[in-house]
Amino acid sequence: MDAGIAINVEQYLKTIALGGRVFAYLGLDKQHIVCQTGGATDSFDLASVSEGEFALGKLGYLEGLLPSDDKPIVIENTQFMRERFVDIHIFKNNDIQWVVFIDNTEPGKLRQTLQQQRLNADILKEARKS
Amino acid sequence: MSAIQKKICMLGAYSVGKTSLVSQYVNSIFSEKYTTTIGVKIDKKLLQIDDTTLSMILWDVYGEDNHQSVMPSYLRGMAGYILVTDPTRPSTLTSTLTLHAKVTETVGDVPFVLALNKSDLKSEWVAELDELQGLKDSSVAWFETSAKMNTDVDPLFESLAKALIPSGSKA
């Protein structure tokens with residue numbers, strides 16, 4: 001049996017996983033120097049990040065997250081741009097640390113609305129108790 | 001002159017004023033409207049301390065509530081944190097203690113400052129503040145803050161910032 005994944009299946013799985021969400025990525029070497037970029041970098045304020053640059057200089061929000069361990073790191077619903085929610089995934093493959101940005105704005109806004117309603121109700125309950 | 005960058009987390013129960021404190025400190029803005037944080041809002045503030053420029057990367061992490069607690073991945077790599085409580089709500093005092101214990105267990109002993117926020121509503125503060133004495137003792141400093149009135153907001157952040165500068169860098 002072939003251990004590889006047929007390209008059509010891989011594409012299908014990718015579509016399901018991303019659900020049409022925009023993504024971009026950076027590859028960083030051991031010194032956190034950008035060695036690869038890809039995807040919709042414009043959508044994540046990454047267009048000005050060039051290969052050969054120190055990642056933590058322009059992308060201060062990665063401070064403390066690098067280097068990644070063997071286990072991937074996921075920071076959901078990060079807001080480093082106005083009105084945008086971004087899931088950041090960091091994982092290591094051989095000597096490269098990959099930082100993947102996936103837009104989560106629509107689900108994030110919905111979650112925020114629901115959470116707001118729930119917490120407003122909780123605050124009211126708390127106030128009645130005291 | 002030297003420049004360093006540090007990650008600082010804002011931690012506490014929901015609706016204690018974490019976002020308002022950051023907003024007041026970074027943008028000098030206060031809003032009466034409560035907007036819940038999901039995930040984390042990240043801001044940056046530069047501070048000059050003696051010969052060192054400190055770039056504070058402020059992680060305003062979603063507040064803990066009955067349905068969600070702070071994920072360890074959000075705490076990764078933080079150099080220090082600001083623990084915020086709202087003394088007008090007794091439940092937040094308990095959750096502050098629980099959260100601090102959990103953070104210590106997850107990341108070890110990391111410098112922190114304690115904010116007893118909403119000092120503009122001091123007449124509504126509950127009496128059980130003695131519960132926080134242990135936290136006050138183990139903190140770098142503690143402050144009675146008001147994001148609304150901008151009371152002791154700068155000293156809150158700056159006291160932690162000073163604790164994060166390596167001693168050799170200070171004049």
ask   = Should the heavy atoms of other residues, nucleotides or ligands under 6.0 Å from CG of B/Asp109 be counted, would the total exceed 12?
value = no

note = The reported gap from CD in A/Gln79 to CG in B/Asp60 (rounded to nearest 0.5 angstrom) is 8.5 Å

message = Do B/Phe112 and B/Leu93 land in one hydrophobic cluster if side-chain heavy atoms of ILVMFWY residues count as linked below 4.5 Å?
response = yes

request  = Tell me, for B/Thr88 versus chain A, whether the close heavy atoms (under 4.5 Å) come from the side chain, the backbone, both or neither.
outcome  = neither

message = Minimum heavy-atom separation for A/Leu56 and B/Gln5, please, with both atom names.
response = O-NE2, 3.3 Å

task = Answer with yes or no whether the hydrophobic clustering places A/Val86 together with A/Phe91; edges join I, L, V, M, F, W, Y residues whose side-chain heavy atoms lie under 4.5 Å apart.
result = no

Nearest heavy-atom neighbours spanning B/Trp59 and A/Tyr61 = CZ2-O, 3.4 Å

key: Separation between CD1 of B/Ile38 and CG of A/Asn104, rounded to the nearest 0.5 Å   = 7.5 Å

inquiry  = I'd like to verify something: which residue of B/Lys44, B/Arg89, B/Lys7 has the highest number of heavy-atom pairs under 4.5 Å with chain A?
reply    = B/Arg89

request  = Evaluate the side-chain proximity of A/Asp69 to B/Arg76: yes if any heavy-atom separation is below 4.5 Å, no if none is.
outcome  = yes

ask   = According to a 4.5 Å side-chain heavy-atom criterion applied to Ile, Leu, Val, Met, Phe, Trp and Tyr, with indirect links allowed, do B/Val126 and B/Leu99 form part of one hydrophobic cluster?
value = yes

request  = Below 4.5 Å from any heavy atom of chain B, which atoms of A/Glu126 appear? Answer side chain, backbone, both or neither.
outcome  = side chain

ask   = Any link between B/Leu116 and B/Phe30 through a network of hydrophobic side chains (Ile, Leu, Val, Met, Phe, Trp, Tyr) touching at under 4.5 Å?
value = no

request  = Select one option (side chain, backbone, both, neither) describing which atoms of A/Ile73 are under 4.5 Å from chain B's heavy atoms.
outcome  = side chain

query = Would one find more than 12 heavy atoms of other residues, nucleotides or ligands at under 6.0 Å from atom CD1 of A/Ile7?
reply = no

ask   = Can you say whether A/Pro67 sits under 4.5 Å from chain B via the side chain, the backbone, both, or neither, judging by heavy atoms?
value = backbone

message = For B/Tyr74, which atoms come within 4.5 Å of any heavy atom of chain A: side chain, backbone, both, or neither?
response = both

query = Heavy-atom distance under 4.5 Å between the side chains of A/Asp122 and B/Tyr14, does that happen here?
reply = yes

message = Counting only heavy atoms from other residues, nucleotides and ligands, does the tally under 6.0 Å from NZ of B/Lys136 exceed 12?
response = yes

request  = Could you check if a side-chain atom of B/Met71 sits within less than 4.5 angstrom of a side-chain atom of A/Glu76, using non-hydrogen atoms only?
outcome  = no

key: Heavy-atom neighbours of A/Met81 CE exceed 12 at 6.0 Å   = yes

inquiry  = Does any backbone or side-chain atom of B/Ser55 lie under 4.5 Å from a heavy atom of chain A? Answer side chain, backbone, both or neither.
reply    = neither

key: 4.5 Å side-chain heavy-atom contact, B/Thr36 and A/Arg118   = no

inquiry  = I'd like to know whether CD of B/Glu105 has more than 12 heavy-atom contacts from other residues, nucleotides or ligands below 6.0 angstrom.
reply    = no

message = Has B/Ser73 got a side-chain atom pairing as donor or acceptor with A/Ile75's backbone, closer than 3.5 angstrom?
response = no

key: Nearest-0.5 Å distance, CD1 of residue A/Ile88 to CD1 of residue B/Ile42   = 6.0 Å

inquiry  = I'd like to check A/Ile123 versus B/Ser15 (side-chain heavy atoms, cut-off strictly below 4.5 Å). Are they in contact?
reply    = yes

task = Apply side-chain contact (heavy atoms from CB on, under 4.5 Å) to B/Tyr34 and A/Gln116, showing your working.
result = CA-CA 9 Å; B/Tyr34 167 55; A/Gln116 181 84 51; 3.5 Å; yes

ask   = From A/Leu119 CG over to B/Asn66 CG, what is the distance, rounded to the nearest 0.5 angstrom?
value = 9.0 Å

ask   = Shared ILVMFWY cluster between A/Ile90 and A/Tyr25, side chains joined below 4.5 angstrom?
value = no

query = Does any heavy atom of chain B fall under 4.5 Å from the side chain of A/Asn120, the backbone, both, or neither of them?
reply = side chain

